[in-house]
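All remarks here apply to the structure that follows.
Below, read A as the first sequence line, B as the second, and so on, with proteins coming before strands; counting in each chain starts at 1.
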Amino acid sequence: MNYWLVKSEPDVYGWHHFTQQGIAVWDGVRNYQARNNLNAMRTGDQVLFYHSVTNPAVVGLARVVREAYPDPTVTVEPGKSATWVVVELAPIMKLETPVSLRAIKAEPLLANIGLIKQSRLSVMPIRPNEFEQILRLGTATE
DNA sequence: GCCAACGTTGGC
DNA sequence: GCCAACGTTGGC
């Protein structure tokens, strides 16, 4: 089992849209590193759903329900393999408390998380201990 | 709205 | 192959 984080702007496609749809075709990725991460996803992998730009925070948990296949919105020339791919994700649950970027930066155990180290990457791997920490922070304790 | 980070493009 | 210019992402 691997863990990932995907970003989306809530005004464009937020957790709300995701749960309404039930399944998201994760398209629009046009960065090679992010694409490579999509290719490495396996069915059942768990995915943190992050809202960027507006109130940046991890807001929910999802899982991979279909592995990478060619992005249907891109025309692939005959004989060539697709450059861009999509995966399909389904929601598991909303976090009780969103884990803000501020809270992530304040947590020493998350000092090396890709979210901070590579702030512009939109699909990234998350280490198991980082994943646990974020879920812990997302579980209301007060 | 500003700006830092960084990926891409194109001239040479 | 280098690098300047430019565009995009995303935090603040």
- NZ/NE/NH1/NH2 to OD/OE distance under 4.0 Å, A:Arg35 and A:Asp71: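 Salt bridge absent between A:Arg35 and A:Asp71.
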May I ask you to verify if any side-chain N or O of [X] is less than 4.0 angstrom from the OP1 or OP2 atom of [N]?
X: A:Lys7; N: C:dG10; answer: yes
X: A:Lys105; N: C:dC12; answer: yes
X: A:Tyr50; N: C:dG11; answer: yes

Between atom [atom1] in [X] and atom [atom2] in [N], what is the gap in whole Å?
X: A:Leu115; N: C:dG11; atom1: CG; atom2: P; result: 7 Å
X: A:Glu9; N: C:dT8; atom1: CD; atom2: C1'; result: 11 Å
X: A:Asp11; N: C:dG10; atom1: CG; atom2: P; result: 13 Å
X: A:Tyr32; N: B:dT9; atom1: OH; atom2: C1'; result: 12 Å
X: A:Leu5; N: C:dG10; atom1: CG; atom2: P; result: 11 Å
X: A:Ile116; N: B:dC6; atom1: CD1; atom2: P; result: 14 Å
X: A:Asn31; N: B:dT8; atom1: CG; atom2: P; result: 6 Å
X: A:Ile113; N: C:dG11; atom1: CD1; atom2: P; result: 13 Å

- Query: Does A:Tyr3 belong to the same Ile/Leu/Val/Met/Phe/Trp/Tyr cluster as A:Leu101, with side-chain heavy atoms less than 4.5 Å apart forming each link?
  - Reply: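 Per the 4.5 Å side-chain linkage, A:Tyr3 and A:Leu101 are co-clustered.
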- Message: Aromatic contact between A:Trp84 and A:Tyr32, with the criterion being ring centroids under 6.0 Å apart: yes or no?
- Response: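 So the answer is yes for these two rings.
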- Item | Minimum heavy-atom distance between A:Val29 and A:Val123, given as atom pair plus value |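 Looking at all heavy atoms of both residues, the shortest contact is CG2-CG2, 4.0 Å.
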